[in-house]
Every structure is written in structure tokens, then in C-alpha cells.
Peer 1: 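Sharing a structure with you now.
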Amino acid sequence: MSVVVLARSFRMVFSNKAYVALAAAIAGSFWIVLATFDQLLFFSPVVVFYLPSDATINFTLSNIMAGTAGIVVSMNVYVLRHSRLKLGTSLFSGSTAGVVSSACAGCSSFGFLLVTTFGGAGAAASTFLSVHQIPLRLISIGLLLWSYYSVHNRLTKSCIMTDGHNR
């Protein structure tokens, strides 16, 4: 699968400003949630963003995840609205896995909730997730890229995307 073909489906979906706005809103929402959970964005008493030097890699990966999640969800909405085929559960399997995994619970202050709710098991899970934070985020990005590829296949296989020839 060439990059040009993948770019055509991207261009087709995002030629409509509504899908660009949807992707931006979803990416922005994910960015706010992930930055808040990573304790980089604070809302009280004033809005403050602080990026320590040791959090640069995690911040970069969070930005990639937020942007990719916005793109994938927006493309899935496009497929839902324009597909004439009967929709199965496979449509959201990849994007759901990618989006859910991008909200890494133990990679942030949300891990404290795990500890207080589940006791020792929550502490073990939170420790595991925080120690393996970067590999888990890389896996999440991989899942989101796989989701993009599966949405692209859904667009091309269902004949939504045509270039003058039937596929």
C-alpha cells in the first residue's frame, strides 16, 4: 500500500471542513485530558501549562496520540455517514483499541485512583503502567496507525472512494 493511496483517502475525508473541525475538536479534547492526567496542565487557581525537561518525550508522544486519535475518529464518522454497506463491529475495533489505549491510566495521576480503588492490585498495575509508559504509548500510536489503515481499507473496499473506476 503506497503512501499516495493512503493520502488520497485522507484528502478525500478532510476536504470537508466539518471533518477537519471534528478532528481538531477530538484532538484538542484528548490533548487536554492527557496533559491534565500527566500533570502538565493545571486549571486551579489559574490555567498553567508546565513542561519539565524530563517529560518531553511523553509530551511528544501524547501530542502524536491526540492528533492521530482525532484523525481516526473523524475518518470513522465519515465512513459511518457515507457507507451503504451493513456496518459490522469490525468498523470500530481498531480505532476503539487505539483510542482506549492512548488514554493510559497509570501513566498519570489517574494511577492514584487505581491504588485507592483496588488496593495492592491497583498499586501493582499503576507501577507497571508508569514504568512502561513510553513503550505503552508507542504501542498505542501503533494501534492508532493500524486503525487509520483499516479505515482506509474500509473506504476503498466499500467503493466510497472512487477515482472514476469501480473497485
Peer 1: Could you give the distance from CZ (R81) to CG (N16), rounded to the nearest 0.5 Å?
Peer 2: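 Nearest 0.5 Å value for the CZ-CG distance: 8.5 Å.
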
Peer 1: Using the rule that two of Ile, Leu, Val, Met, Phe, Trp, Tyr join whenever any of their side-chain heavy atoms come within less than 4.5 Å, decide whether Y148 and F14 are in one cluster.
Peer 2: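 Cluster IDs for Y148 and F14 match.
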
Peer 1: Nearest 0.5 Å please: distance from the CG atom of L61 over to the OG atom of S140.
Peer 2: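 Reported to 0.5 Å precision, the distance equals 9.5 Å.
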
Peer 1: Side-chain heavy atoms under 4.5 angstrom apart, residues restricted to Ile, Leu, Val, Met, Phe, Trp, Tyr: same cluster for L138 and M65?
Peer 2: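 Yes, L138 and M65 fall within the same hydrophobic cluster.
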
Peer 1: Under 4.5 Å between any side-chain heavy atoms of M75 and S9, yes or no?
Peer 2: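 Result yes, sub-4.5 Å side-chain heavy-atom pair found.
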
Peer 1: Do you reckon L22 sits in the same ILVMFWY cluster as M12, going by side-chain contacts under 4.5 Å, direct or chained?
Peer 2: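 Yes, L22 connects to M12 through the hydrophobic network.
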
Peer 1: Within a strict 4.5 Å, meaning less than it, do heavy atoms of the F30 and I26 side chains meet?
Peer 2: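 F30 vs I26: side chains touch.
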
Peer 1: In residues 42-58, what donor-acceptor pairs under 3.5 Å come from side-chain atoms, sequence neighbours left out?
Peer 2:
residue : atom : partner : partner atom : Å
T56     : OG1  : S53     : O            : 3.1

Peer 1: Nearest 0.5 Å, what's the CD-OG distance between Q133 and S62?
Peer 2: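 So the gap between those two atoms works out to 7.5 Å.
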
Peer 1: Before you tell me yes or no, could you show the steps for L145 and Y149 under side-chain contact (heavy atoms from CB on, under 4.5 Å), namely the whole-Å CA-CA distance, both residues' side-chain angles and the distance that decides it to 0.1 Å?
Peer 2: CA-CA 6 Å; L145 291 175; Y149 178 73; over 6 Å; no

Peer 1: Side-chain heavy atoms nearer than 4.5 Å, only ILVMFWY residues, links allowed to pass through others: does that put F59 and L136 together?
Peer 2: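 Hydrophobic grouping puts F59 apart from L136.
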
Peer 1: Membership question, hydrophobic clusters at under 4.5 Å side-chain separation (ILVMFWY): are V73 and V79 in the same one?
Peer 2: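 Same cluster: V79 reaches V73 through Ile, Leu, Val, Met, Phe, Trp or Tyr contacts under 4.5 Å.
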
Peer 1: Can you see which heavy atom on A23 is nearest to which on S74, and at what distance?
Peer 2: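 Nearest pair, atom of A23 first, then S74: CB-CB, 3.8 Å.
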
Peer 1: Would you mind reporting whether F10 and I71 have side-chain heavy atoms less than 4.5 Å apart?
Peer 2: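 A side-chain contact under 4.5 Å exists here.
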
Peer 1: Is there a side-chain contact (heavy atoms from CB on, under 4.5 Å) between W31 and L41 once you walk through the steps?
Peer 2: CA-CA 10 Å; W31 185 87; L41 183 63; 4.0 Å; yes

